[in-house]
Peer 1: 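Before I ask anything, let me first share the structure, which is written out below as structure tokens.
Computed from a predicted structure; not experimentally measured. In what follows, chains are A, B, ... by sequence order, proteins preceding strands, each numbered from 1.
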Number of protein chains: 2
Amino acid sequence: MNLKSQVEWALHCCAILAGLPEGRYLSTKALAEFHGLPKEYLSKALQGLSQAGLVNTTLGPTGGYRLARMPAELTFLDIVEAVEGKSRTFICNDIRANNPCRPAGFCEEGPCAIARIMWEADEAWREKLRSVKLSDLVETLSKDIPRDLWKSSFEWVLDRAG
Amino acid sequence: MNLKSQVEWALHCCAILAGLPEGRYLSTKALAEFHGLPKEYLSKALQGLSQAGLVNTTLGPTGGYRLARMPAELTFLDIVEAVEGKSRTFICNDIRANNPCRPAGFCEEGPCAIARIMWEADEAWREKLRSVKLSDLVETLSKDIPRDLWKSSFEWVLDRAG
DNA sequence: GCCAATAGGGATATTCTATGTCCTTAATAG
DNA sequence: CTATTAAGGACATAGAATATCCCTATTGGC
């Protein structure tokens, strides 16, 4: 059970977009080059962000992506769900219905107890991701990344932002 | 990103095994029939439980599986990890290393900030599963399941337990 | 108006995992 | 001795993840 690598890509891309000056856009090409990713496939992840309304896009040269909200208004969960989907990790196939002792036509009400517990764990996972904002990530990165690298990366991005 | 259906199977099987009288065993065949599952494939899940030390097995007619510990000493996490594995859902491919601004040979220390956050969410998921015991499940099921069905299921299992 | 670059998205190929089946081996109860 | 079991290896199938390619409409700069 692994998350798509696109989730990782989307998070890194959002971190970059968070540093973009207001009103400017960064293209898939630039994001792919910066992260060493296949441009066409990364594009699918970015389309996911776009369809979820997390980013705005514009066409043409100088076109690309920018965040649709402030980094403090974007959670990890928003980004993860935009790419990975909102479905739960535990799928209940209701195998209790196969119990040979079950009276014919009998139907238990409500979801299986096992599913309820597994779904609570899924919700704990989501709740954790919901509690972390993109702005928190940027703050952490600004401490983690050496000042020189941070600065040169910012300039690299600005050079390519339309 | 879905858990294997084997996880669901293993949890249901453990719930049944929890009701088995001390010293008796229940076969794959009986567990598969009770849940309407393919016997050979369910066997793989049960082998996972066995390898993790959660159940004991014995061979021959009257052979099968029984819990290796009391239901209060078995957590959902134990069972889930025995079947699904212990790996995290988020795989960090360290794409920050592709940053074109990076000095040659430069190597950031420690895991990426994004990975750390995603791993915290994974840990929240595990922590929730760790907090639920098999005995909790049995207690819930005993309330959920109509008394008649509970009783007849128990007898069905006892008939087949070696 | 024209050209180049862009996002969007459909079609297709490839690889990997999950799912499921089949068969052999060793152990065990009756 | 026989029937039944768990363990596990080999193999087949289905579906998802991971790409790649191509076409379309839009847009900015000339």
Peer 1: Specify the separation, in whole Å, of atom CD of Gln47(B) and atom P of dG8(D).
Peer 2: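 Value for this atom pair: 6 Å.
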Peer 1: OP1, OP2 of dA7(C) versus side-chain N and O of Thr28(A): anything below 4.0 Å?
Peer 2: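 Looking at the OP1 and OP2 atoms of dA7(C), one of them is under 4.0 Å from a side-chain N or O of Thr28(A).
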Peer 1: Compare all side-chain heavy atoms of Leu67(A) with those of Leu134(A) and state whether any distance is below 4.5 angstrom.
Peer 2: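 They are in side-chain contact.
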Peer 1: So does Gln51(A) get a side-chain nitrogen or oxygen closer than 4.0 Å to the phosphate oxygens (OP1/OP2) of dG8(C)?
Peer 2: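 No.
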Peer 1: Take the protein atom CG of Leu42(A) and the nucleotide atom C1' of dG8(C), then report the distance between them rounded to whole Å.
Peer 2: 14 Å
Peer 1: Would you indicate, yes or no, if dT19(C) has its OP1 or OP2 atom less than 4.0 angstrom from a side-chain nitrogen or oxygen of Ser5(B)?
Peer 2: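 Checking Ser5(B) against dT19(C): at least one side-chain N or O falls below 4.0 Å of OP1 or OP2.
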Peer 1: Rounded to the Å, how far apart are Leu37(A) CG and dT18(D) C1'?
Peer 2: 12 Å
Peer 1: Under 4.0 Å: is that the gap between some side-chain N or O of Ser50(A) and OP1 or OP2 of dG8(C)?
Peer 2: yes
Peer 1: What is the separation between atom CG on Leu3(A) and atom P on dA16(D), rounded to the nearest whole Å?
Peer 2: 16 Å
Peer 1: Just so I know, are the side chains of Cys112(B) and His12(A) near enough to count as touching, which here means a heavy-atom distance under 4.5 Å?
Peer 2: yes
Peer 1: Rounded to the nearest Å, what distance is computed from the NZ atom of residue Lys29(B) to the P atom of nucleotide dA7(D)?
Peer 2: 18 Å
Peer 1: Check for a donor-acceptor pair, side chain of Thr140(B) on one end and backbone N or O of Asp136(B) on the other, with a separation under 3.5 Å.
Peer 2: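 Such a contact is found between Thr140(B) side chain and Asp136(B) backbone.
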Peer 1: Counting only distance, no hydrogens or angles, is the base of dG20(C) paired donor-acceptor with the side chain of Lys39(B) under 3.5 Å?
Peer 2: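 No such pair is found, so the answer is no.
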Peer 1: I'd like to know if Arg96(B) and Asp144(A) make a salt bridge, using a cut-off of under 4.0 Å between side-chain N and carboxylate O.
Peer 2: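 Salt bridge absent between Arg96(B) and Asp144(A).
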Peer 1: Provide, to the nearest angstrom, the distance between the CD atom belonging to Glu40(A) and the C1' atom belonging to dT12(C).
Peer 2: 13 Å
Peer 1: Is there a side-chain polar atom (N or O) of Thr58(B) under 4.0 Å from OP1 or OP2 of dA6(D)?
Peer 2: no
Peer 1: Tell me the interatomic distance from Asn56(B), atom CG, to dA27(C), atom P, rounded to whole angstroms.
Peer 2: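 Interatomic distance, CG of Asn56(B) to P of dA27(C): 18 Å.
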Peer 1: Any donor-acceptor pair, under 3.5 Å, between the side chain of Lys44(A) and the base of dG8(C), if you only look at N and O atoms?
Peer 2: no
Peer 1: To the nearest Å, how far apart are Leu59(B) CG and dA3(D) P?
Peer 2: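 In whole Å, dA3(D) P and Leu59(B) CG are 18 Å from each other.
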Peer 1: Would you please confirm or rule out a distance under 4.0 Å between OP1 or OP2 of dG8(C) and any side-chain N or O of Thr57(A)?
Peer 2: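 It does, given that an N or O in the side chain of Thr57(A) lies less than 4.0 Å from OP1 or OP2 of dG8(C).
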Peer 1: Scan Glu40(A), Lys39(A), Gln47(A) and name whichever one has a side chain to side chain donor-acceptor pair (under 3.5 Å) with Ser43(A).
Peer 2: Gln47(A)
Peer 1: Any side-chain N or O of Tyr41(A) less than 4.0 Å from the OP1 or OP2 oxygen of dG9(C)?
Peer 2: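 Checking Tyr41(A) against dG9(C): no side-chain N or O falls below 4.0 Å of OP1 or OP2.
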